[in-house]
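The structure appears right after this line, and notes come after that.
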Amino acid sequence: MTDSSRVLSATDGAVTTITINRPDRMNALDSRTLAALDDAFARAAADAEVRAVIVTGTGRAFSAGADVKEWASGDAGGTDAPADGWVTLAHRLISRVYRLPKPVVAAVNGVAVGGGFDLALACDFRIGADTSRYGAVYVNIGFAPDAGGTFLLPRIVGMTRAKELIYTGRIIDAAEAAQIGVVSSVVPASELTAASRELAGRLAAGPSVAIGLAKENIQDHWNSTLESALRNESRAGSICGATADHAEGLRAVNEKRPPQFTGR
């Protein structure tokens, strides 16, 4: 079983907020927390009424990354599936977030480093509090990124900046994160919840099938050929064309009114 006290999940309308809840450990990701996060995202994915997801942290951190105390204790397999080590659980979670067929907004309330940084990078959007900080700090413990950072970070900030951040382990503040594209916007910490809910609500009000297919194609097309991308876009067009949201969109244009999408 997963530990629900380490991860809180609350749904308001069509938006689910998933909160890492280990403030005493700066929301470090031990294996029980990874398993609970994966479960929360899986449930959000399976709930047809949920059309956007926010992930954030309790207290002054988004997530300080892997719980190295767990590693030192040798308890990294401490779930009801002992063979699942930390890396296996982390990979499952990062892949689920990256592939979730719904938009995911990271509301980065504080420090996001190591695996916590990678979790934020796996989301579709990152809104940072003005107090937030970011870093691929693996080299500081003589390690290389192991939760998707070498794949995700270059695609967001470019190859050279990604190498500099990964090779040095340098921590950047919110202003620099916005400058290089790690976050889409920076807001005062007191406004982070409202800003992330506003964006998630706007996404949830959109045509969910179309957004999900667009996300899938964007992720898949990064290294694909143009011809493969065109085939996938044709497939997406066929699916979207049969949805109620597409029909509603056309009606709204003809009737000169805003569309009322239902996600179907």
Side-chain angles (χ1 to χ4, degrees), residues 20 22 25-31 33-34 37-38 55-57 59-74 76 84-99 104-186 189 218-224:
I20 310 169
R22 299 187 74 205
R25 295 287 299 140
M26 294 186 68
N27 298 323
L29 301 172
D30 65 352
S31 35
T33 304
L34 289 171
L37 278 167
D38 187 62
V55 60
T56 191
R60 62 192 181 95
F62 176 80
S63 173
D67 192 334
V68 293
K69 284 191 175 181
E70 178 190 49
W71 287 7
S73 72
D84 278 348
W86 190 94
V87 170
T88 299
L89 292 166
H91 288 186
R92 183 185 304 162
L93 171 64
I94 295 297
S95 180
R96 188 182 301 280
V97 174
Y98 187 74
R99 294 293 183 186
V104 183
V105 177
V108 186
N109 52 301
V111 65
V113 296
F117 186 33
D118 292 340
L119 174 59
L121 294 175
C123 300
D124 297 289
F125 303 96
R126 287 155 296 284
I127 299 177
D130 54 5
T131 53
S132 59
R133 294 177 296 147
Y134 309 80
V137 296
Y138 295 90
V139 294
N140 296 335
I141 58 168
F143 219 69
D146 62 351
T150 57
F151 176 91
L152 297 164
L153 189 57
R155 286 161 171 75
I156 293 169
V157 303
M159 186 74 72
T160 301
R161 282 199 176 103
K163 286 180 177 179
E164 189 264 328
L165 291 174
I166 291 170
Y167 294 0
T168 67
R170 184 169 66 87
I171 293 176
I172 60 175
D173 61 16
E176 185 174 356
Q179 180 185 7
I180 66 176
V182 167
V183 296
S184 54
S185 62
V186 175
I218 289 169
Q219 317 290 49
D220 287 346
H221 293 171
W222 191 268
N223 290 317
S224 70

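In this chain, numbering begins with 1 at the start of the sequence shown. Any value given below was found using the heavy atoms of this structure, including those in side chains, with hydrogens, waters and symmetry copies removed.
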For the atom pair [atom1] ([X]) and [atom2] ([Y]), what is the distance rounded to the nearest 0.5 Å?
X	Y	atom1	atom2	value
Arg155	Thr150	CZ	OG1	8.5 Å
Ile156	Leu121	CD1	CG	4.5 Å
Leu165	Thr160	CG	OG1	11.0 Å
Ile94	Leu89	CD1	CG	11.5 Å

Grab the two heavy atoms, one from [X] and one from [Y], that are nearest each other, plus how far apart they are.
X	Y	result
Ala28	Ser63	CA-OG, 4.4 Å
Asn140	Gly169	ND2-O, 3.8 Å
Val157	Ala162	CG2-N, 3.6 Å
Pro154	Gly149	CD-O, 3.5 Å
Asp173	Arg133	CA-CG, 4.4 Å
Ala174	Asp130	CB-O, 3.9 Å

Throw together a table of side-chain donor-acceptor distances under 3.5 angstrom for residues 176-185, partners on residues two or more places apart or in other chains.
{"unit_1": "Glu176", "atom_1": "OE1", "unit_2": "Arg170", "atom_2": "NH1", "d": "3.1"}
{"unit_1": "Glu176", "atom_1": "OE2", "unit_2": "Arg170", "atom_2": "NH1", "d": "3.3"}
{"unit_1": "Glu176", "atom_1": "OE2", "unit_2": "Arg170", "atom_2": "NH2", "d": "2.9"}
{"unit_1": "Ser184", "atom_1": "OG", "unit_2": "Arg126", "atom_2": "O", "d": "3.1"}

**Salt bridge flag under 4.0 Å for residues Arg22 and Asp67** = yes
Is there a donor-acceptor pair under 3.5 Å between the side chain of [X] and the backbone N or O of [Y]?
X	Y	value
Ser95	His91	no
Gln219	Arg99	no
Ser31	Trp86	no
Asn109	Gly59	yes

**Request:** Decide yes or no for Leu29 and Ile20: does some side-chain heavy atom of the first lie under 4.5 Å from some side-chain heavy atom of the second?
**Result:** yes
**Message:** What I'd like to find out is whether the side chain of Val55 reaches to under 4.5 Å of the side chain of Phe62, using heavy atoms alone.
**Reply:** yes
With a 3.5 Å cut-off and sequence neighbours excluded, list the donor-acceptor pairs that the side chains of residues 113-120 form with protein atoms.
{"unit_1": "Asp118", "atom_1": "OD2", "unit_2": "Tyr138", "atom_2": "OH", "d": "2.5"}

